[in-house]
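Following: one structure in structure tokens, then a few remarks.
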Amino acid sequence: MSNKIAPIRSVKGTRDLLPPETGLWQRVEDESRRTFAAYNFQEIRTPILEATALFSRSVGEDTDIVMKEMYTFDDRDRESLTLRPEATASVVRAYIEHSLFNEGRLHKLYYIGPMFRRERPQKGRYRQFYQIGAEVLGSDHPSIDAEMLEMLVLLLERLGLSGFSLLLNSVGCSKCRPQYVKTLRQALQSVKANMCADCQRRADTNPLRVLDCKVEADQPIIERLPHIVEHLDPECRQHFDAVTADLDERGVAYTLSPRLVRGLDYYTRTTFEITSSVLGAQNALLGGGRYDGLSEMIGGPPTPGFGVAIGEDRLVLAVAEAAKDKTGPAASQLDVYIAWMGDAALAPATVLARQLRRDGLRVEIGYEPAKLKKSLGLASKLGARFAVIIGEGELSTGRYQVKDMSAGAQKELEPAQIAEYLKAALAK
RNA sequence: GUGAGCGUAGCUCAGCUUGGUAGAGCGCCAGACUGUGGAUCUGGACGUCGGGGGUUCGAAUCCCCUCGCUCACCCCA
């Protein structure tokens, strides 16, 4: 009976972004580009598709991302490809591939684009999600870390956010971190019996993750576990102290978070995260850190690096939340609606529309003949600031009616005067 | 991968407990108002009640299965 076919929907965890919401995304991206430019970052665009090995080597063979979240498939020639789950590895790959390290300076790069991870979707977490990232390659100077954090705080402020906090930690380097993990594992042996089931498991598989546990009853136990910052080797300790001192000088507020552990293997020394209370369970707005060993992991020369990934979906969520209290109505999307009546008016109306558009005005014109009443209704619905009325009377006098939609007043003008008049009126 | 909640008009939702064959608000269309929108009034269109099966004389309502969405766990941006 029913021969109706089921409509095709967007795949799970992906979504369409429609106007007017896309306006918010544009604002977030514009503000990001402007802020990055102020700190002399330039845009890099890398492919969304990469060789699978790029991520398994850099992000880490036994991380959740690589083990169970990547969209990986064999290309027709059997090469294993992956939809990028993050972009830092790609940026470093490009840096190596184009020998940018030969230029004898550091590189400050940013990117904006989609990433893919096959997780169960929830608030602030999607299978196709967007990251805005920035990377500094070619130096391990602590001021790079501090400057980036200063920049990020500026960006969030410019976007009107206030309820966020910067969490800071150091995870040491390839030399001192294993020592610490060993110490931590030993410390856990005696107390893990009193902890939640997850922690008992993590105590053996990934002790660092225990520090991240949110179970209330475990907190006092975690408080007493050794902190990594107390087990850094002298070089890492000195680096971390320099970063915090620099942040203090810049007046950037932060909270030392000995329990901040990041989930990607390539991080060394400084790690950070900015969280926001408006986001729900996925409260990390952005995160990142230093990755001094990453280049070598993927076959490049030793190259220190520091970077951030901002969750654009979450940032948009937070900005929308912050803007809720403000009463400001949405800005008008349209400057002029041209209402014409009668076949004879179509050609002059089209000419006027073209002229106004060339003058940079946002113009809409009805395509089908319509009564004036209907046209003005449409103009109103579209939020047009002005309407131009062209009918029999206007054609005979050669002067068109220009109506201010909010005031209701209208004025008779010759076609040649309209552009100037509207531009002046709209500038107010 | 696991758990919970929810799927009824374009949107937001009521109706379900106590089965009797579908409602509100908003939006949309038209008219009152023959070339002047936003207000008001009047009228109108629009539903496989997510899908399938079962119970029943009768199912949006009860039962089973299934799909989808959402939130949470996990992990991260």
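Every chain is numbered from 1, with letters handed out A, B, ... down the list of sequences.
- When distances are taken from the side chain of A/Leu372 to each of B/A77, B/U36, B/C28, the shortest belongs to B/U36.
- Using a 4.0 Å heavy-atom cutoff across all strands shown, A/Leu264 reaches sugar-phosphate atoms only and no base atom.
- Rounding to the nearest 0.5 Å gives a distance of 9.0 Å between CG of A/Leu294 and OG1 of A/Thr268.
- Figure legend. B/C75 is base-paired to no nucleotide; pairs are counted as Watson-Crick or G-U wobble with both atom distances under 3.5 Å.
- Comparing the same atom, P, in B/U18 and in B/C41 gives a spacing of 40 Å after rounding to whole Å.
- Nucleotides B/G58 and B/G54 are separated by 12 Å at their P atoms, to the nearest Å.
- The separation of B/G25 from B/G44, taken at their P atoms, amounts to 13 Å, rounded to a whole angstrom.
- Nucleotides of RNA chain B nearest to A/Lys12 and A/Tyr130 differ in position, and the one nearer the 5' end is that of A/Lys12.
- Taking side-chain N and O atoms only, A/Gln122 has a distance below 4.0 Å to OP1 or OP2 of B/C73.
- Residue A/Ile389 is in base contact, counting any heavy-atom pair closer than 4.0 Å across all strands shown.
- Other residues, nucleotides and ligands contribute only 12 or fewer heavy atoms inside 6.0 Å of the CG atom of A/Asp343.
- When rounded to the nearest whole Å, the span between CZ of A/Arg127 and P of B/C69 equals 9 Å.
- Checking B/U70 for Watson-Crick or G-U wobble geometry (two distances, each under 3.5 Å) identifies B/A4 as its partner.
- Of the candidates B/C73, B/U36, B/A77, the closest approach to any side-chain atom of A/Ala309 belongs to B/A77.
- Contact annotation for A/Gly133: no contact, since no heavy-atom pair falls under 4.0 Å across all strands.
- Annotation: B/A32 and B/C26 have their P atoms spaced 22 Å apart (nearest Å).
- Of the nucleotides present, B/A32 is the one that pairs with B/U40 by Watson-Crick or G-U wobble criteria, both distances under 3.5 Å.
- In terms of position along RNA chain B, the nucleotide closest to A/Gln282 lies nearer the 5' end than the nucleotide closest to the other residue of the pair A/Tyr267 and A/Gln282.
- Within the 4.0 angstrom heavy-atom criterion, no nucleotide atom of any strand lies near A/Tyr337.
- Remark: A/Leu137 CG to A/His107 NE2 distance equals 8.5 Å, nearest 0.5 Å.
- Taking atom C1' in both B/C33 and B/U40, the straight-line distance is 12 Å, to the nearest Å.
- For B/G31, one of the phosphate oxygens OP1 or OP2 lies less than 4.0 angstrom from a side-chain nitrogen or oxygen of A/Lys371.
- Note that the CD atom of A/Glu69 and the CZ atom of A/Arg127 stand 10.0 Å from one another [nearest 0.5 Å].
- Here A/Lys373 does not reach the OP1 or OP2 of B/G31: none of its side-chain N or O atoms lies under 4.0 Å away.
- Judged by atom type and distance alone, A/Arg125 reaches the base of B/C75 through a side-chain donor-acceptor pair under 3.5 Å.
- A distance of about 8 Å separates the C1' atoms of B/G47 and B/A22, rounded to the whole Å.
- With C1' as the reference atom, B/C65 and B/C28 are 38 Å apart, rounded to whole Å.
- Looking at heavy-atom distances under 4.0 Å, A/Glu392 makes contact with a base.
- In this structure, B/A45 makes no Watson-Crick or G-U wobble pair, since no nucleotide meets both defining distances under 3.5 angstrom.
- Nucleotides B/G51 and B/U42, compared at atom C1', are 40 Å apart to the nearest Å.
- Applying the 6.0 Å contact sphere to CD of A/Gln417 captures more than 12 heavy atoms from other residues, nucleotides or ligands.
- Remark: A/Arg15 qualifies as a cation-pi partner of A/Tyr126 under the 6.0 Å distance and 45° angle criteria applied to the six-membered ring.
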